[in-house]
There are 2 protein chains.
Amino acid sequence: MSDIKTGINPLFLREEELRQGIELLFFAYRDFTAEPDAILGEYGFGRAHHRVIYFVGRHPGITVSDLLEILRITKQSLSRVLGQLVTEKFIVQRPGVRDRRQRLLELTEKGVELERLLTERQRARIARAYREAGAEAVEGFRKVMLGLVDEAGRGRFPARAAGPRRGA
Amino acid sequence: MSDIKTGINPLFLREEELRQGIELLFFAYRDFTAEPDAILGEYGFGRAHHRVIYFVGRHPGITVSDLLEILRITKQSLSRVLGQLVTEKFIVQRPGVRDRRQRLLELTEKGVELERLLTERQRARIARAYREAGAEAVEGFRKVMLGLVDEAGRGRFPARAAGPRRGA
DNA sequence: GTGGTTACGTCAGTCATGTTGACATATATG
DNA sequence: CATATATGTCAACATGACTGACGTAACCAC
């Protein structure tokens, strides 16, 4: 009983600590997506469109199957969203050179503009949080976040140099 | 800034750094929710049910309007999910004492069990990430995550002691 | 105690985004 | 040539959001 008040019971603290982590994830994600969502609404798009635009912008020439792997949705789900983006000329598809079955995806100039508009809000939010927290905290943030990602997905994030890099 | 460390193109690195932050949020959240989602499926529930169960468990006796404020959804959306949870006896409602218009929400024993089952996976994931990253990294994680939350929502998270606590 | 506000519920319709399953086409590969 | 792969498409369905309108009970101020 009095452990609660005094904060001596380590099990309680651990529980509280972990629940705070859970909630930070929830609230940060909720607020992180709210701004772009509002903008997307004006275009008749949703969050799914943002994700597609984002990752196509990030990986120009990405294949459909690689995009599916990132998003972890079915091709039918992607199809609707991607179809709209292609129809409305935010994204173009061109056949692969080595493998002509592939439809490599790229943003059009219009697509790049929308991507910038949407992501800018998120970038600014992260930049502010990073700036206020300081470089050391950012390093810790990265470590913990990476630990939350499934083992299989961590390859996407390059290991950071421990100290200043000397050569190339 | 820490751009100095790398001594290459600071603007590019900053861009890259921020995009990594964006992606960490996406992938961490994606993987963080995947496990409970799978369990929820067995109950015929979805992620929305988890959120309700979680926050009712976290704040026993919470009012409907406070819950709405946390979730940032409409009462009609909540109604369906909450209705199911009440019908299936995971949650009970009792009228407020001071204000009898309120329907204060609480988990039943069944509800507590399901909450535990669901949240346990997330707690374990966070615990692992915290353990692997170390106490200092956790502190940084918290700082950055809190900075990502809208100013208005930060009150929920108590400010932490600046350093190691020496006595009371 | 009447009247306005608040807390909550409900009916009805719509939309975005996910799912499964089946089938089609073009290309690559052995 | 046969089979596997990359992608697309049609159809049906579930979840969880939304808006708008309306209803009821309880609180509160005058």
Side-chain angles (χ1 to χ4, degrees), chain A residues 26 29-30 33-34 36-56 61-88 91-106, chain B residues 26 29-30 33-34 36-56 61-88 91-106:
Chain A
F26 173 74
Y29 197 80
R30 184 195 67 177
T33 48
D37 280 0
I39 298 172
L40 285 157
E42 298 167 19
Y43 286 76
F45 291 155
R47 195 178 295 178
H49 298 84
H50 187 189
R51 293 202 277 250
V52 170
I53 287 184
Y54 179 87
F55 284 110
V56 170
I62 191 175
T63 65
V64 170
S65 37
D66 284 351
L67 186 52
L68 286 174
E69 165 57 27
I70 288 176
L71 299 175
R72 298 261 172 92
I73 58 176
T74 59
K75 62 178 175 175
Q76 295 92 329
S77 293
L78 175 58
S79 168
R80 234 181 339 211
V81 171
L82 184 54
Q84 285 176 270
L85 290 170
V86 169
T87 299
E88 301 188 27
I91 286 181
V92 285
Q93 302 174 296
R94 57 176 167 78
V97 177
R98 273 189 343 224
D99 186 336
R100 285 186 335 227
R101 290 171 303 179
Q102 298 177 331
R103 309 290 173 84
L104 308 184
L105 306 173
E106 268 175 20
Chain B
F26 173 74
Y29 197 78
R30 185 196 66 177
T33 49
D37 281 359
I39 298 171
L40 286 157
E42 298 166 19
Y43 287 76
F45 290 155
R47 194 178 296 178
H49 298 84
H50 187 190
R51 293 202 277 250
V52 170
I53 286 184
Y54 178 87
F55 284 110
V56 170
I62 191 174
T63 66
V64 171
S65 39
D66 284 351
L67 186 52
L68 287 175
E69 166 56 27
I70 287 177
L71 300 175
R72 298 261 172 94
I73 59 176
T74 59
K75 62 177 175 176
Q76 294 91 330
S77 294
L78 175 59
S79 167
R80 236 184 336 209
V81 171
L82 183 54
Q84 284 175 269
L85 290 170
V86 169
T87 300
E88 302 187 26
I91 287 181
V92 284
Q93 302 175 296
R94 57 177 166 80
V97 178
R98 270 188 347 221
D99 186 336
R100 286 184 336 227
R101 291 170 304 178
Q102 297 178 332
R103 309 291 172 84
L104 308 185
L105 306 174
E106 267 175 20

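Below, chain A is the first sequence line, B the second, and so on; all start at residue 1.
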Can you list, pair by pair, the side-chain donor-acceptor contacts under 3.5 Å of residues 78-86 of chain B, counting residues two or more places apart and other chains?
from	atom 1	to	atom 2	distance (Å)
Gln84(B)	OE1	His49(B)	NE2	3.1

Once rounded to the nearest 0.5 Å, what's the spacing between atom [atom1] of [X] and atom [atom2] of [Y]?
X: Lys75(B); Y: Ser65(B); atom1: NZ; atom2: OG; value: 11.0 Å
X: Asp37(A); Y: Arg30(A); atom1: CG; atom2: CZ; value: 12.5 Å
X: Phe55(A); Y: Ile62(A); atom1: CZ; atom2: CD1; value: 8.5 Å
X: Thr63(A); Y: Glu69(A); atom1: OG1; atom2: CD; value: 10.0 Å
X: Leu105(A); Y: Ile91(A); atom1: CG; atom2: CD1; value: 6.0 Å

Report the distance from atom [atom1] of [X] to atom [atom2] of [N], rounded to the nearest whole Å.
X: Leu68(A); N: dG18(C); atom1: CG; atom2: C1'; value: 13 Å
X: His50(A); N: dG18(C); atom1: NE2; atom2: P; value: 14 Å
X: Gln84(A); N: dT9(D); atom1: CD; atom2: P; value: 13 Å
X: Leu71(B); N: dC8(C); atom1: CG; atom2: P; value: 13 Å
X: Arg30(A); N: dG16(D); atom1: CZ; atom2: P; value: 18 Å
X: Arg47(B); N: dT17(C); atom1: CZ; atom2: C1'; value: 12 Å

N/O (side chain, [X]) to phosphate O (OP1/OP2, [N]) under 4.0 Å:
X: Ser79(A); N: dG8(D); value: no
X: Thr74(A); N: dG18(C); value: no
X: His49(B); N: dT15(D); value: no
X: Ser77(A); N: dT19(C); value: yes
X: Arg51(A); N: dG18(C); value: yes

- Query: Of all of residues 37-44 of chain A, which get a heavy atom below 4.0 angstrom from DNA chain C, listed by number?
  - Reply: none
- Ignoring hydrogens and angles, does a donor from either the side chain of Gln76(B) or the base of dG13(C) sit under 3.5 Å from an acceptor on the other? no
- Glu106(A) backbone acceptor or donor facing Arg94(A) side chain under 3.5 Å: no
- Message: If you assign Phe45(A) and Gly96(A) each to the DNA chain C nucleotide with the nearest heavy atom, which residue ends up on the more 5' nucleotide?
- Response: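 The residue mapped nearer the 5' terminus is Phe45(A).
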- On DNA chain C, more 5' by nearest nucleotide between Arg100(A) and Ala48(A) is Ala48(A)
Could you go over nucleotides 4-7 of chain D and give all protein N or O partners under 3.5 Å, atom names and distances?
from	atom 1	to	atom 2	distance (Å)
dT5(D)	O2	Arg101(A)	NH1	2.4
dT7(D)	OP1	Val64(A)	N	3.4
dT7(D)	OP2	Ser65(A)	N	2.9
dT7(D)	OP2	Ser65(A)	OG	2.5
dT7(D)	O4	Lys75(A)	NZ	3.4

- Of the candidates dT9(D), dC18(D), dG18(C), the side chain of Ile73(B) sits closest to dC18(D)
- Just say parallel, tilted or perpendicular for the rings of Tyr54(A) and His50(A), cut-offs at 30° and 60°. perpendicular
- Query: Hey, does Arg80(A) reach any base, or is it just sugar-phosphate, or nothing, if we go heavy atoms under 4.0 Å?
  - Reply: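 Base, at least one base atom sits under 4.0 Å.
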- Quick one: do Glu88(B) and Phe45(B) satisfy side-chain contact (heavy atoms from CB on, under 4.5 Å)? Show the steps, please. CA-CA 11 Å; Glu88(B) 302 187 26; Phe45(B) 290 155; 3.5 Å; yes
- Item | Closest heavy-atom pair and its distance - Tyr29(B), Thr33(B) | O-OG1, 2.8 Å
